[in-house]
Amino acid sequence: MLIQELVVLPRRQPVIDEFADHMTHDAKVLDEDEETGIKKYRYVKTGTNHYSFAFTYGWMGAADLCVIDLSQYGWF
């Protein structure tokens, strides 16, 4: 979403800077079970990430409610 530059943020101001900071505080880590060799990803909190969770859940909910075909814009 943000990495693919599909989201346009409003003009820079303190709350937008805080949002951007929160969005950088989740890290994807690959864990491997030593006994089975099974690999799976998990997310690790590296700082305050409240806006990150809110944005992710909001985006997921909006995708289910979307009534136009966003694929024409390369979004889905």
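FYI, the numbering just counts along the sequence from 1.
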Discussion item. With a 3.5 Å distance limit and no angle check, can you tell me whether N49 reaches the backbone of S52 through a side-chain donor-acceptor pair?
Written reply: no

Worksheet item: Taking all atoms of both residues into account, what is the closest heavy-atom pair of D26 and T46, and its distance?
Response: N-OG1, 4.0 Å

Discussion item. For the CZ atom of R42 and the CG atom of L30, what is their distance to the nearest 0.5 Å?
Written reply: 10.0 Å

Discussion item. Grouping I, L, V, M, F, W and Y whenever their side-chain heavy atoms are under 4.5 Å apart, do M23 and F53 come out in a common cluster?
Written reply: no

Worksheet entry | Same apolar cluster (I L V M F W Y, side chains within < 4.5 Å links), F55/Y43 | no

Worksheet item: Got M60 and T56 here, is their nearest side-chain heavy-atom distance under 4.5 Å?
Response: yes

Discussion item. Quick check against the 3.5 Å criterion: does H22 have a side-chain atom that pairs as donor or acceptor with the backbone of H50?
Written reply: yes

Discussion item. Tell me if the CD atom of E32 is crowded by more than 12 foreign heavy atoms within 6.0 Å.
Written reply: yes

Worksheet item: Hey, are the side chains of I16 and R11 touching, using non-hydrogen atoms and a 4.5 Å cut-off?
Response: no

Response to the item:
In terms of heavy-atom contacts, T36 and D33 come closest through N-OD1, 3.1 Å

Discussion item. Checking the side chain of H25 only, and the main-chain atoms of K45 only, is there a donor and an acceptor separated by less than 3.5 Å?
Written reply: no

Practice prompt. Treating Ile, Leu, Val, Met, Phe, Trp and Tyr as nodes and any side-chain heavy-atom pair under 4.5 angstrom as an edge, say whether V15 and L9 lie in one connected cluster.
Written response: yes

Worksheet item: Given the rule in the salt bridge (Lys or Arg N to Asp or Glu O under 4.0 Å) test, do D31 and K39 qualify, once you have shown the distances and angles that lead to the verdict?
Response: CA-CA 6 Å; D31 287 332; K39 297 177 184 179; over 6 Å; no

